[in-house]
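Below is one structure, written out as structure tokens; the observations come after it.
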Amino acid sequence: MAEGSEGTGSEMGFEEEGGRDRNVWNVMRSRKRKKKEKAVPNIDETDSEQSVTIANKQQEEEYKVIMKLSQEGSSFGEWNPIQLTKSINKLLGEVKNAKVLRSGALLIFCRNKTQQEKAIELNRMDGKRIKCILTGNKALIRGVITGIPINVAEDQIRDNVTGAKVLEIKRLRTTRNGEKCNSLSVMIKFDEEKLPSKIYIGYMSYEVRPYIPPPLRCYKCQRYGHVAAVCKGKQRCGRCSGEHEYGECGEGVKLKCCNCGGEHSSAYRGCEASKRAMEVQRVRSLQGITYAEAVKKVSKEKEAYKPDLKENKSVSCGKCETIEAKEDLLVMGKNEFVLFMVEVINCSAQTDRKTEKIKIIVKSAEKYLGIKGLSCEVVEEMIVAGSTSSQTWVGGSL
Ligand SMILES: [Zn+2]
Ligand SMILES: [Zn+2]
Ligand SMILES: [Zn+2]
Ligand SMILES: [Zn+2]
């Protein structure tokens, strides 16, 4: 696996229930069951989030577990499906269904509670270390609280939270000066119907914000939305887009992004494709929709924002979902650019309000750079979509 030094680390993120999966197989279904299922939407064709909705509509309880391989970067997608099916049957008996998720983990639909409980106890399969976690009918409710000193352990937090039922606590990591380190924020998985607005730890109350997982980026083909372990694309270099492993570019090769063709590494967070992938995650988390739906929605919105694109090209790796990348080029004179900067810096220093600062940016962009049709809402969206944990909007409140 070619891993760029500037990798986002999202490949190892908390992502477990990805969008539409291609590695789907059924395990020994009887003809009778198959017939019955024709009447209802085929659960296998949807992703786990959609099957949640279907299950709820039918008022039927599902017994699902997610099986993860302990070794980082490994995927059930690399296993022989026949052998994998045999191994599942050997350990649990025949299950309803199983599929490999985008993250490389295995989603198993157990027949009943006993089988589900049996799965939770497992720690090995075919000699490989594994771990099973419960995943219920409820949608995944995840939030973030901040201001938790780094010496407070996850277990300690979990045992002391009141005001909501907590399933899991995870300390979030951030990048500071190029190094990964613990942040003051923790992610909480709730056993609740909807996200609580606040929780308590002892006497102290904490505001809960929705958790937006970082986008997945594949270290093999460099595209967003899946990980290398389940990649069906070609090996691409994150530096130059060449068909070789990371960094084996030869001399004098320029940086070229696989996703937008721009002169930067494929991991660059300022890349349009990266911003779009983050926006997809945001839309997906906040609206509780699937990955595929969120991709569609974001593509439509982007179209609406940018009526006069100078160049418009679509990048697809063929087998994966098409992620459209747009090159939004701006030609300007040096003087105009400097004047734009001068006006934005001077004027925005005179106000503390975020909305006022955005208005100044919009006005100056039109005046000096000739960017028309930019609205304050759009700029605000860009700030949200482009911001990361280590880089946030500075100065002023709304
Ligand atoms: Zn890939
Ligand atoms: Zn791909
Ligand atoms: Zn290269
Ligand atoms: Zn790019």
Side-chain angles (χ1 to χ4, degrees), residues 1-13 15-16 18-23 47 72-78 100-105 213-281 291-292 295 298-299 302 305-306 309-330 382 385-388 391:
M1 220 186 302
E3 198 164 318
S5 55
E6 62 282 76
T8 61
S10 55
E11 184 156 341
M12 296 304 152
E15 215 37 23
E16 52 213 4
R20 196 186 169 88
D21 287 281
R22 290 162 294 274
N23 295 312
D47 68 12
E72 282 197 0
S74 52
S75 161
F76 281 109
E78 291 159 355
V100 178
L101 300 175
R102 281 173 174 274
S103 60
L216 298 173
R217 188 174 58 85
C218 175
Y219 289 136
K220 191 180 153 219
C221 76
Q222 311 298 332
R223 305 280 181 215
Y224 287 96
H226 66 270
V227 297
V230 294
C231 180
K232 289 172 182 167
K234 271 188 187 162
Q235 172 80 56
R236 301 283 291 275
C237 169
R239 289 187 67 217
C240 75
S241 289
E243 287 181 20
H244 52 250
E245 292 214 349
Y246 180 83
E248 294 174 4
C249 317
E251 252 167 70
V253 174
K254 270 191 183 171
L255 286 181
K256 188 182 172 194
C257 170
C258 294
N259 294 308
C260 76
E263 256 184 62
H264 51 247
S265 121
S266 298
Y268 176 51
R269 295 218 184 162
C271 167
E272 277 305 309
S274 165
K275 286 184 193 169
R276 176 175 298 217
M278 284 192 256
E279 178 64 5
V280 167
Q281 291 296 75
Y291 178 80
V295 167
V298 170
S299 303
K302 287 270 150 103
Y305 293 169
K306 295 174 179 170
L309 283 172
K310 294 216 168 138
E311 207 177 322
N312 177 354
K313 60 176 178 175
S314 175
V315 179
S316 160
C317 83
K319 284 173 185 160
C320 299
E321 271 130 354
T322 304
I323 294 181
E324 283 173 0
K326 292 197 164 38
E327 223 157 25
D328 210 0
L329 297 176
L330 179 67
M382 287 177 185
S387 71
T388 63
Q391 162 211 344

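Just so you know, ligand 1 is whichever comes first in the structure, and atom 1 is the first atom listed for that ligand.
The two residues C237 and Q222 have their closest heavy-atom pair at C-NE2, 4.1 Å. Among all heavy-atom pairs drawn from Y224 and Y268, the shortest one is OH-O, 4.5 Å. Scanning all heavy atoms of the two residues, the minimum distance from K254 to C240 falls at O-CB, 3.6 Å. Closest approach of V298 and R276 over heavy atoms only: CG1-CG, 3.8 Å. The two residues V230 and S75 have their closest heavy-atom pair at CG1-OG, 3.6 Å.
Protein N/O/S atoms closer than 2.8 Å to the Zn ion (ligand 3), listed by chain and residue number, are C237 SG, C240 SG, H244 NE2, C249 SG. Counting only distances under 2.8 Å, and ignoring water, the protein N, O or S atoms around the Zn ion (ligand 4) are C257 SG, C260 SG, H264 NE2, C271 SG.
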Kindly indicate, with the supporting measurements, whether the criterion side chain to side chain contact (heavy atoms under 4.5 Å, CB included) is fulfilled by Q235 and E243. CA-CA 6 Å; Q235 172 80 56; E243 287 181 20; 6.0 Å; no
Verdict with supporting geometry, V227 and R102, side chain to side chain contact (heavy atoms under 4.5 Å, CB included): CA-CA 7 Å; V227 297; R102 281 173 174 274; over 6 Å; no
Worked check of side chain to side chain contact (heavy atoms under 4.5 Å, CB included) between C249 and H244: CA-CA 7 Å; C249 317; H244 52 250; 3.8 Å; yes
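Side chain of S299 to backbone of V295: a donor-acceptor contact under 3.5 angstrom is found. Within the 3.5 Å criterion, the main-chain N or O of S241 finds a donor-acceptor partner in the side chain of R236.
Around the Zn ion (ligand 1), the angle linking C218 (SG) with C221 (SG) is 120°, rounded to 10 degrees.
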